[in-house]
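Numbering of ligands and ligand atoms starts at 1, following listing order. As the structure is a prediction and not an experimental result, all values here were calculated from the model.
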Amino acid sequence: MSSFLTHLTITRPDDWHLHLRDGEQLKDVLPYTARQFARAIIMPNLRAPVVTTEMAQAYYTRVVSALPEELRGQFQPLMTLYLTDNTQPSEIVRAKNSGIVQAVKLYPAGATTHSDAGVTDISKCFETLAEMEKQDIPLLVHGEVTDPDIDVFDREKIFIERVLIALTQRFPQLRIVFEHVTTRDAVEFVKQSSVKIAATITAHHLLLNRNALFQGGIRPHHYCLPILKRETHRQALLQAATSGNAKFFLGTDSAPHALMNKEHSCGCAGIFTAHAAMELYAAAFEQAGALDRLEGFASFFGADFYRLPRNTNTITLQQKVWMIPKQYAFAGEVLVPLYANAELSWKMG
Ligand code: NCD
Ligand code: ZN
C-alpha cells in the first residue's frame, strides 16, 4: 500500500455482502459496485429466493449480462444459496460442484427483507449443515432472533446466546461469517471464537449510531437491519475493523429500495451505499486514524477467509471533496443513497 497526503492506492477490494436485486434494478445498481470491487458475494434474497444451484446459475448469468460493456470481465459475482427448512444435503453437493456458489445464507424466517422462506428452526437444517461442514462451504448468518418479544436492539445479542454458540459447538469445522455485525457483543464473540468464525462490517454501521435514525425527525434512509445501535457499539465495530484482525472484513450490505418504499408508513429496511462504498469506508477509517489498515480489511482478509486469491490490480482514492447526488435512477423509480446531498472527502479516481 502507498499512502500520501492526497492519495491512497490499495489492492482492488471485494464486497463480501451485497444485494443486487434483479432485472432493471440490477442493471441500475450493479455498475457502482463493479467499478470499485473485483468480486462480491451476492445475497440470494430475491422476491423468489435463490434456493437451488440452478437458480444461482441463472442469477449469475443475469448479473454478468447486466454489466455495462466497459466493466465486462472486470467483475465476478460470487453466488450464494438461500437456506430453507427444506434445503437438502444433495443441494449442497450440487452447489459445491457448480464452482460458482461460494456460500449458503441463513435468514431466520421473518428477520428481514424477503425472508419469509427463511429457516423457522435451525435444527431442521442440521443434516444440511453437516454436509456444508463436510464440503467446507461457508454459512453466512443474518444473526438476529425474530421473536417479537425481544427488543429490536437486543436481537443480535440474543441470537448469539440462543443460536450461534450452539451452532459453533455442534459444527466446529463449519466456516461461519457473522454478517453485518452491529454490537460489541458480536465483536467479542467473533474475537474469542475459532478461526472458522469471521464477520463482515458495513460502512454505515461504522459511520452512524442510532441517533441517526432520529436526527431532527424520523430518518427512513438510515433504517436497516440489523438496526443501528448505540455509540459504544459503533466504537467497538470501528475498533474491530481497524485493528488488523483478519476475522473482520468488508461487506457493504448495500441494500437498495425505491424511495417510495422507504418513505412510507411501513418503510423497508436497507441502506444503499454502493454508490460510494470505498469512500464511505475511507471516511470511517480516517476518523479512526487508521487509513493504513483499510487495505487488509477491504482487500485481503475476506479473500483469505473464502480461500480465494487476493486481487492483484489496484484502485486509488483521492482526497477530494465532492457532493453525493440527491438521488439515483432505479428502474424508473428513485433511489436515495446514504449521505444524499452531503459532502464526502474521498473519491475513487
Ligand atoms: C436487506 C435487504 O433489503 O435485502 N436489508 C437490510 O436492511 N440490510 C436484507 C438484509 O441483509 O437484512
Ligand atoms: Zn444484507
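Where the criterion is an N or O separation shorter than 3.5 Å, residue side chain and backbone included, Asn45 meets it with respect to ligand 1. Close N/O approach between Gly270 and ligand 1 is found [any backbone or side-chain N/O within under 3.5 Å]. Among the atoms of Ile271, none of the N or O lies under 3.5 angstrom from an N or O of ligand 1. On a distance-only criterion, Lys105 and ligand 1 share no N/O pair closer than 3.5 Å. Residue Ala255 has no N or O atom closer than 3.5 Å to an N or O atom of ligand 1.
Distance alone, capped at 3.5 Å, is enough to place a donor-acceptor pair between the His275 side chain and the Leu338 backbone. Under a 3.5 Å cut-off, the side chain of Glu91 and the backbone N or O of Thr53 do form a donor-acceptor pair. Between the side chain of Asn311 and the main chain of Asn313, no donor-acceptor pair closer than 3.5 Å is present. Within the 3.5 Å criterion, the main-chain N or O of Leu106 finds no donor-acceptor partner in the side chain of His142. Looking at Gln135, its side chain never comes within 3.5 Å of a backbone N or O of Lys96 through a donor-acceptor pair. Judged purely by atom type and a 3.5 angstrom limit, Lys105 has no side-chain atom pairing as donor or acceptor with the backbone of Ala103.
Distances below 4.0 Å separate heavy atoms of Cys224 from the following atoms of ligand 1: 7 (O). Close approach of ligand 1 to His142 is summarised as follows: ligand atoms under 4.0 Å from at least one heavy atom of the residue are 12 (O). Close approach of ligand 1 to His180 is summarised as follows: ligand atoms under 4.0 Å from at least one heavy atom of the residue are 11 (O).
Atom 10 (C) of ligand 1 has its closest protein heavy atom at Thr112 OG1, 3.4 Å. Of all protein heavy atoms, the one lying nearest to atom 8 (N) of ligand 1 is Asp253 OD2, 2.7 Å. For atom 7 (O) of ligand 1, the closest heavy atom belonging to the protein is Leu225 N, 2.8 Å. Among protein heavy atoms, atom 5 (N) of ligand 1 sits closest to Ala269 O, 3.2 Å.
Looking at His19, His204, Arg21, His257 and measuring to atom 11 (O) of ligand 1, the nearest heavy atom belongs to His19.
For Glu179, no heavy-atom contact with ligand 1 is shorter than 4.0 Å. At a heavy-atom distance under 4.0 Å, no atom of Met43 approaches ligand 1.
Under the 6.0 Å distance and 45° angle rule, Arg230 does not count as a cation-pi partner of Phe153.
To the nearest 0.5 angstrom, Lys247 atom NZ is 10.0 Å from Phe249 atom CZ.
Distances under 2.8 Å from the Zn ion (ligand 2) pick out the protein N/O/S atoms His17 NE2, His19 NE2, Asp253 OD1.
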In residues 197-206, what donor-acceptor pairs under 3.5 Å come from side-chain atoms, sequence neighbours left out?
from: Thr200; atom 1: OG1; to: Glu179; atom 2: OE1; distance (Å): 2.8
from: Thr200; atom 1: OG1; to: His180; atom 2: N; distance (Å): 2.9
from: Thr202; atom 1: OG1; to: His204; atom 2: N; distance (Å): 3.4
from: Thr202; atom 1: OG1; to: His205; atom 2: N; distance (Å): 2.9
from: Thr202; atom 1: OG1; to: His205; atom 2: ND1; distance (Å): 2.7
from: His205; atom 1: NE2; to: Pro226; atom 2: O; distance (Å): 2.9

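Applying side chain to side chain donor-acceptor pair (under 3.5 Å) to His257 and the options Arg21, Lys262, His19 leaves one that passes, Arg21.
The pair Arg184-Glu188 fails the salt-bridge criterion, with no side-chain N (NZ, NE, NH1 or NH2) lying under 4.0 Å from an Asp/Glu carboxylate O.
Checked by atom type, the side-chain pair Glu279/Gln318 shows no donor-acceptor distance below 3.5 Å.
Grouping the Ile, Leu, Val, Met, Phe, Trp and Tyr side chains by contacts below 4.5 angstrom, directly or via other members, places Ile137 with Phe126.
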